[in-house]
Engineer: 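Quick one: structure below, then a few questions.
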Amino acid sequence: MSVLTCVLDNMGSSCSRSHLLSEAETAENAKSADIDRRILQETKAEQHIYKLLLLGAGESGKSTIFKQIKLLFQTGFDEAELRSYTSVIHANVYQTIKVLYDGAKELYQVESDSSKYVICPDNQEIGEKLSEIDGRSGYPLLSEELVHDVKKLWQDPAIQETYSRGSILQLPDCAQYFMENLDRLAEADYVPTKEDVLYARVRTNGVVQIQFSPVGENKRGGEVYRLYDVGGQRNERRKWIHLFEGVNAVIFCAAISEYDQMLFEDETKNRMMETKELFDWVLKQRCFEKTSFMLFLNKFDIFERKIQKVPLSVCEWFKDYQPIAPGKQEVEHAYEFVKKKFEELYFQSSKPDRVDRVFKIYRTTALDQKLVKKTFKLIDESMRRSREGT
């Protein structure tokens with residue numbers, strides 16, 4: 001087993017692999033199914049509330065979208081909720097530095113130009129100490145001493161070189177953000193900000209739901225929606241079927257920046273190919289024959305940076321892509337190519353009697369609050385027009 005595989009097995013809530021169900025997990029799933037059925041019955045009884053289902057593969061950014069909705073169209077997070085993310089954020093820091101340290105050691109063993117992955121002796125000692133911190137019973141809160149060690153290791157040239165290879169290391173998107181805010185995260189009176197919470201990586205287990213209106217509490221000109229988010233990893237998808245009945249619209253998140261990355265749960269499977277197959281499967285579900293589809297081509301900010309360095313053609317689905325020129329023009333060209341691929345998949349996977357259902361594609365960056373707000377107002381307008389037959 002490779003070092004990287006071992007690291008992933010220990011990534012905790014943000015990067016865990018599938019395991020056989022324990023008796024406790026089986027009982028929890030049964031409890032979750034009962035809750036799902038009860039929520040579904042409540043939804044049926046409240047016909048004025050429209051049901052949205054948020055789907056996508058793991059790490060697609062849909063949970064960040066869900067948190068944005070809470071911030072935008074509800075009361076947001078109170079101080080107690082913000083404080084509850086402290087341990088998650090600190091865990092993300094430990095998980096990130098461990099991935100980078102162990103990744104540097106593995107890249108040293110397999111890369112031809114291995115010298116650039118050699119960590120200086122003092123930092124090797126720090127790396128070993130940090131790697132021994134066991135998160136199975138909970139990570140310790142960051143202290144001034146621990147932050148000093150993490151910062152010193154993060155600044156090592158070998159670790160920075162390893163960071164540049166983050167796509168093959170399953171490095172979480174929050175890595176740089178939290179590393180740049182280490183001193184603040186370790187303050188004695190630290191309370192996570194809304195932005196910290198949006199960056200925090202915690203795996204969705206079971207089903208969570210939220211009720212909102214994109215146009216405010218008065219609901220004028222818009223409707224009230226109940227949005228459901230479910231875990232995207234493979235072992236979470238068995239819970240999806242309980243929510244498929246009575247859905248007014250499916251919001252499917254596809255992380256377009258992950259065309260060169262592999263799944264956490266299967267390092268032989270390209271994430272974009274998994275997304276393609278998953279979207280195809282959802283489109284073909286009989287219960288969605290008249291259901292609207294809103295496709296979020298998400299993580300555009302990361303895609304915009306990556307496309308300048310990594311060609312789309314590394315993904316099998318995009319092997320026929322032909323770049324045109326560097327710069328912004330190339331970014332738009334690549335995005336339109338990906339968009340067209342999803343459009344083609346939609347029409348290929350939809351029976352003739354389903355192609356007239358509402359289908360919209362939105363370019364999104366889940367961390368961009370203004371963009372998410374604008375997108376959901378557009379969705380509300382589209383849904384309203386559809387119901388009015390205009």
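For this chain, numbers begin at 1 and follow the sequence in order.
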Engineer: What's the shortest heavy-atom distance between L278 and G56, and which atoms?
Structural biologist: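 Where L278 meets G56 most closely, the heavy atoms are CD2-C, 3.8 Å.
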Engineer: Should R363 and E332 count as an ion pair when the cut-off is N to O under 4.0 Å?
Structural biologist: yes
Engineer: Side chains of Y117 and E106: donor-acceptor distance under 3.5 Å anywhere?
Structural biologist: no
Engineer: Answer yes or no on whether K194 is positioned over the face of F77, meaning its NZ or CZ is under 6.0 Å from the six-membered ring centre and within 45° of the axis.
Structural biologist: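 Here K194 fails the 6.0 Å and 45° test against F77.
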Engineer: Any chance you could lay out the salt bridge (Lys or Arg N to Asp or Glu O under 4.0 Å) test for E187 and R184, step after step, and finish with the verdict?
Structural biologist: CA-CA 5 Å; E187 291 174 354; R184 181 173 60 83; over 6 Å; no
Engineer: What I'd like to find out is whether the side chain of L371 reaches to under 4.5 Å of the side chain of Y362, using heavy atoms alone.
Structural biologist: no
Engineer: Quick check: are there more than 12 heavy atoms from other residues, nucleotides or ligands sitting under 6.0 Å from CD of E344?
Structural biologist: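 Atom CD in E344 is packed in, count exceeds 12.
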Engineer: Would you please say whether a donor-acceptor pair under 3.5 Å links the side chains of Y225 and D380?
Structural biologist: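 A pair is found: one side chain offers a donor N or O, the other an acceptor, under 3.5 Å apart.
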Engineer: If you take all heavy atoms of E81 and G76, which pair is closest and at what distance?
Structural biologist: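 Taking every non-hydrogen atom into account, OE1-O, 3.7 Å.
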Engineer: Does the gap between the ring centers of F212 and F376 come in under 6.0 Å?
Structural biologist: yes
Engineer: Is R201 salt-bridged to E59, going by a charged N under 4.0 Å from an acidic O?
Structural biologist: yes
Engineer: With a 6.0 Å cut-off on ring centres, are F342 and W317 close enough?
Structural biologist: yes
Engineer: Which of parallel (below 30°), tilted (30 to 60°) and perpendicular (above 60°) describes Y321 and H333?
Structural biologist: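 Rings of Y321 and H333: tilted, 30 to 60°.
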Engineer: Measure centre to centre between the rings of F252 and F293, then say whether the value is under 6.0 Å.
Structural biologist: no
Engineer: Please confirm whether the backbone N or O of A255 pairs with a side-chain atom of N298, one donor and one acceptor, at under 3.5 Å?
Structural biologist: no
Engineer: Using a 4.5 Å cut-off on heavy atoms from C-beta on, say whether the side chain of L153 contacts that of I119.
Structural biologist: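 Yes, at least one pair of side-chain atoms sits under 4.5 Å.
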Engineer: Can you say whether the rings of Y199 and Y177 are parallel (under 30°), tilted (30 to 60°) or perpendicular (over 60°)?
Structural biologist: parallel
Engineer: Find out whether R271 and F264 are in side-chain contact, i.e. whether some heavy atom of one side chain is under 4.5 Å from a heavy atom of the other.
Structural biologist: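 R271 reaches F264 side chain to side chain.
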Engineer: Salt bridge or not for R83 and E79, using N-O below 4.0 Å?
Structural biologist: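 Yes, R83 and E79 are salt-bridged.
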Engineer: Between the side chains of K276 and E316, is the shortest nitrogen-to-carboxylate-oxygen separation below 4.0 Å, so that they form an ion pair?
Structural biologist: no
Engineer: Verify whether one side chain among R357 and Y346 offers a donor that lies under 3.5 Å from an acceptor in the other.
Structural biologist: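 R357 vs Y346: donor-acceptor pair found between side chains.
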Engineer: Apply the side chain to side chain contact (heavy atoms under 4.5 Å, CB included) test between V247 and each candidate in L52, L55, T291; give the one that qualifies.
Structural biologist: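 For V247, the side chain to side chain contact (heavy atoms under 4.5 Å, CB included) check succeeds only for T291.
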Engineer: Closest approach of N270 and Y259, non-hydrogen atoms and distance?
Structural biologist: ND2-O, 2.8 Å
Engineer: Okay, side chain of Q261, backbone of I168: is any donor-acceptor separation there less than 3.5 Å?
Structural biologist: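 Between the backbone of I168 and the side chain of Q261 there is no qualifying donor-acceptor contact (under 3.5 Å).
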Engineer: For the pair H90 and Y190, name the ring-plane relationship: parallel under 30°, tilted 30 to 60°, perpendicular over 60°.
Structural biologist: parallel
Engineer: If you define the side chain from C-beta out and look only at heavy atoms, does anything of D301 sit under 4.5 Å from D368?
Structural biologist: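 D301 vs D368: side chains apart.
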Engineer: Taking NZ, NE, NH1 and NH2 as the nitrogens, is one of them in E111 or R165 under 4.0 Å from a carboxylate oxygen of the other?
Structural biologist: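 The answer is yes: the pair qualifies as a salt bridge.
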Engineer: Side chain to side chain contact (heavy atoms under 4.5 Å, CB included) between R385 and E381: does it pass, once the steps are laid out?
Structural biologist: CA-CA 6 Å; R385 287 180 176 177; E381 182 179 339; 2.8 Å; yes
Engineer: Is there side-chain contact between L185 and V147, with at least one heavy-atom pair below 4.5 Å?
Structural biologist: no
